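Every chain is numbered from 1, with letters handed out A, B, ... down the list of sequences. Just so it is clear, the model here is predicted, and its values are computed rather than measured. Any value given below was found using the heavy atoms of this structure, including those in side chains, with hydrogens, waters and symmetry copies removed.
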4 protein chains.
Amino acid sequence: MPRTPQENERIRQLAKKNILEAGMKLFINKGYHATSISNIAEQAGISKGLLYNYFKGKEEILATMVETRVGEIMDVMNQAKEIESPVEQLKHIIEGAIDNVFENPEVFRFYLHLQTQPEADHELIKYSRFLIRENARQFEFQCEIFEKLGAMEARKRSLYFSSTLQGIMLMISTYPDKFPIEEIKKQIVDEFCH
Amino acid sequence: MPRTPQENERIRQLAKKNILEAGMKLFINKGYHATSISNIAEQAGISKGLLYNYFKGKEEILATMVETRVGEIMDVMNQAKEIESPVEQLKHIIEGAIDNVFENPEVFRFYLHLQTQPEADHELIKYSRFLIRENARQFEFQCEIFEKLGAMEARKRSLYFSSTLQGIMLMISTYPDKFPIEEIKKQIVDEFCH
Amino acid sequence: MPRTPQENERIRQLAKKNILEAGMKLFINKGYHATSISNIAEQAGISKGLLYNYFKGKEEILATMVETRVGEIMDVMNQAKEIESPVEQLKHIIEGAIDNVFENPEVFRFYLHLQTQPEADHELIKYSRFLIRENARQFEFQCEIFEKLGAMEARKRSLYFSSTLQGIMLMISTYPDKFPIEEIKKQIVDEFCH
Amino acid sequence: MPRTPQENERIRQLAKKNILEAGMKLFINKGYHATSISNIAEQAGISKGLLYNYFKGKEEILATMVETRVGEIMDVMNQAKEIESPVEQLKHIIEGAIDNVFENPEVFRFYLHLQTQPEADHELIKYSRFLIRENARQFEFQCEIFEKLGAMEARKRSLYFSSTLQGIMLMISTYPDKFPIEEIKKQIVDEFCH
DNA sequence: CATGAATGAGTTTTCATTCAT
DNA sequence: AATGAATGAAAACTCATTCAT
């Protein structure tokens with residue numbers, strides 16, 4: 001009795017998820033270039049040949065990871081859009097961003113690494129650009145919040161806010177052990193949320 | 001007649017400098033892993049064999065670059081130490097850091113990329129750690145400034161300051177075209193230098 | 001449909017055997033250092049890449065050859081142990097050793113060449129030591145035979161016997177054409193087997 | 001005041017001797033293939049360029065070494081020829097050979113290694129052949145001694161004698177520490193010198 | 001769907017040898 | 001006579017990708 005097409009598709013998705021998780025683990029741990037297709041197949045517990053059945057190559061695995069990442073960021077932004085008060089919106093963004101980095105500093109570190117990819121790495125630069133573009137969209141949204149807050153020169157204030165928040169995330173991912181996140185959250189909230 | 005040792009030493013220094021410049025250019029442009037020894041030799045206009053006469057391999061070229069970089073950072077810090085007023089010290093650090101990134105955003109980007117290297121890249125992680133350790137030393141020095149400024153909880157205030165400054169540098173290196181550096185400098189100075 | 005694991009294992013064994021034979025032929029003919037991985041792959045009729053699928057490198061090919069060789073020597077020794085009379089044991093050892101060298105003088109020559117490897121050739125000295133250790137075990141066994149024969153100072157007599165036998169093997173491998181092996185066998189048997 | 005041609009030649013000979021000694025030391029220790037021209041120049045305390053002033057290359061250094069070696073062997077043979085009694089001639093050969101190996105086992109080992117060079121190592125096989133040819137001449141001389149001793153089938157007896165002596169030398173060079181040379185000398189003298 | 005044997009291009013590295021000084 | 005910078009060919013080794021089964 002053959003499987004239904006739906007069932008087949010479900011199995012396919014599970015297999016892809018397995019590969020993606022193996023890839024993520026290795027990319028984060030060893031880096032993209034240092035991870036070979038063989039490594040990923042081994043980590044996923046499948047053969048190299050089968051891996052090519054699901055992904056065109058190493059790059060497509062990364063592409064899928066980046067898309068997922070960007071989706072998650074957009075989800076947080078969309079949640080924030082549901083909130084009425086601009087002050088609460090900002091707090092939600094701050095909390096979401098800082099907690100997320102604190103829980104998985106190595107994930108943030110990986111995407112920051114990807115984002116700072118050299119311009120001429122033709123294989124990876126598109127993902128760097130994709131992440132940067134997404135950051136810019138975030139920034140636009142934050143601009144609107146600062147406008148609603150009635151800030152003079154909302155754009156510049158928002159730029160300064162983004163810098164501060166990005167800086168905190170960078171510091172947490174670099175020194176996750178020693179970082180007093182609650183104290184720092186308090187300082188950024190005090191400075192910007194009023 | 002053989003060349004004098006001095007003459008040879010001069011040739012060696014010139015050749016090393018040439019190789020380092022070629023390496024820097026390519027590392028910044030294509031990235032460390034994507035740059036081959038052949039690339040560097042070609043860019044430097046010499047043979048592969050000669051390159052090995054001067055550097056044990058690609059890694060030693062990077063090591064030399066990182067040491068030079070850390071030396072430059074320490075120079076700025078030492079300059080700041082010469083200044084009496086803590087407010088002026090902070091301003092000097094802010095100016096120095098932001099102007100430096102603005103003038104060579106791709107250099108900062110390269111070292112940030114290196115700093116966010118995955119933990120298990122055995123070849124590069126030592127340079128990542130070296131840069132992070134140097135950052136920590138910077139931070140300790142800034143702590144002292146905030147203590148002199150009489151800040152309550154100087155350590156936390158300094159941490160927040162470092163985050164903001166790092167964030168600005170990250171943003172400049174990501175969007176060098178659109179960044180109103182003077183405006184942003186004004187905001188960070190207003191916030192911390194009083 | 002994938003091949004069965006058994007089928008794959010069979011292919012692997014055949015391929016390994018093929019590579020080992022190619023390697024042996026070239027090592028014996030050109031020597032270890034003068035033989036490149038490319039040479040071996042070409043001789044075996046496969047690509048360089050595939051060769052690395054089966055052996056970590058040139059050294060592992062040699063290691064496998066040496067292990068096989070030592071196994072063969074041990075087999076002869078174990079056969080001799082089955083024999084009752086010490087005189088017949090000695091004769092069996094003499095016959096086995098001399099006939100073996102006479103049939104494949106270049107193989108003996110190769111292993112003697114390996115055995116005389118300089119001490120500081122870090123890559124090869126372990127195989128030299130391995131062969132020498134195996135020779136020493138042979139010697140211990142021969143000592144026992146001379147004890148059973150009731151020789152005074154069996155150890156020294158056995159040492160002299162070993163020297164003579166080794167010397168004959170060396171001479172055969174050096175002048176295989178002209179060597180009257182039966183006459184020489186007679187002389188060594190007359191001297192030691194009574 | 002320019003040097004006399006004789007003086008120049010003397011200096012040249014000293015320089016060559018220095019290089020040869022450096023080469024010998026390294027060849028014996030690391031082996032011919034593992035020793036580079038740079039190594040030899042460094043060991044001799046001169047530059048690579050100067051080395052080429054004295055020798056065409058690595059091979060010529062080896063060639064000179066081998067010639068010297070063969071000369072030494074011939075000297076011993078010629079000394080023996082001066083002796084009247086064939087028994088004393090044999091004893092002299094035995095003593096000379098065994099003592100020489102015992103004093104410098106690694107030198108004998110090196111030349112045996114060279115002598116067992118694979119046939120197709122075009123660079124080295126000629127030295128192997130040269131050493132073997134010299135051995136053959138030795139053998140011819142020993143034949144004469146056995147004839148004078150009145151041995152039946154002097155040729156075969158001499159072959160057996162050569163084998164024994166070569167075997168002892170091989171054993172000494174392999175186990176120099178444990179070898180009771182006087183006892184072994186006694187055995188070979190007892191067997192052949194009467 | 002699934003395997004892993006097989007390929008070959010690309011990379012790092014070494015070294016004998018040349019040559020300007 | 002003397003130096004060591006410079007070259008280039010050849011070696012070991014890696015890995016993404018293909019394909020017969």
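- Comparing E:dA2, F:dA11, E:dA16 by their nearest atom to the side chain of C:Ser36 picks out F:dA11.
- As a whole-Å value, the separation of D:His33 NE2 from F:dA12 P is 13 Å.
- The heavy-atom pair separating A:Gln117 from A:Ser128 by the smallest distance is CB-CB, 4.0 Å.
- Across the protein-nucleic acid pair, B:Ile61 atom CD1 and E:dT13 atom C1' stand 13 Å apart, rounded to whole Å.
- Taking 4.0 angstrom as the limit, B:Tyr52 places none of its side-chain polar atoms (N or O) nearer than this to OP1 or OP2 of E:dT14.
- The separation between C:Lys56 atom NZ and F:dT14 atom P is 10 Å, rounded to whole Å.
- If you measure from atom CG of B:Asn39 to atom P of E:dT13, you get 14 Å, rounded to the nearest angstrom.
- Of the candidate nucleotides E:dA2, E:dA6, F:dA2, F:dA2 has the atom lying nearest to any side-chain atom of D:Asn53.
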Query raised in the report: For B:Ile132 and B:Gln115, what are the C-alpha separation, side-chain angles and deciding distance, and is it a side-chain contact (heavy atoms from CB on, under 4.5 Å)?
Result: CA-CA 7 Å; B:Ile132 288 174; B:Gln115 215 182 104; 3.6 Å; yes

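- One finds the OG1 atom of C:Thr64 at 6.0 Å from the NZ atom of C:Lys16 (value rounded to the nearest 0.5 Å).
- Checking E:dA20 for Watson-Crick or G-U wobble geometry (two distances, each under 3.5 Å) identifies F:dT3 as its partner.
- For C:Arg12, a side-chain nitrogen or oxygen approaches OP1 or OP2 of E:dA5 to under 4.0 Å.
- Separating the CD1 atom of B:Ile11 from the P atom of E:dC19 is a distance of 17 Å, rounded to the nearest angstrom.
- Comparing C:Thr35 and B:Glu9 along DNA chain F, the residue whose closest nucleotide (by nearest heavy atom) sits nearer the 5' end is B:Glu9.
- Relative orientation of the C:Phe27 and C:Phe110 rings is parallel, given thresholds of 30° and 60° on the angle between their planes.
- Regarding contacts with the backbone of F:dA6, a side-chain N or O of B:Tyr54 is found under 4.0 angstrom from either OP1 or OP2.
- Regarding B:Glu59, its CD atom lies at a distance of 15 Å from the C1' atom of E:dT13, rounded to whole Å.
- Distance A:Lys58 NZ to F:dT17 C1': 13 Å, rounded to the nearest Å.
- More than 12 heavy-atom neighbours from other residues, nucleotides or ligands sit within 6.0 angstrom of CD on C:Glu134.
- Between B:Gln13 atom CD and F:dA5 atom C1' there is a gap of 14 Å when expressed in whole angstrom units.
- The aromatic rings of A:His33 and B:His33 sit tilted relative to each other, their planes meeting at an angle between 30° and 60°.
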Sub-3.5 Å pairs of nitrogen or oxygen atoms, protein against nucleotides 8-10 of chain F:
none

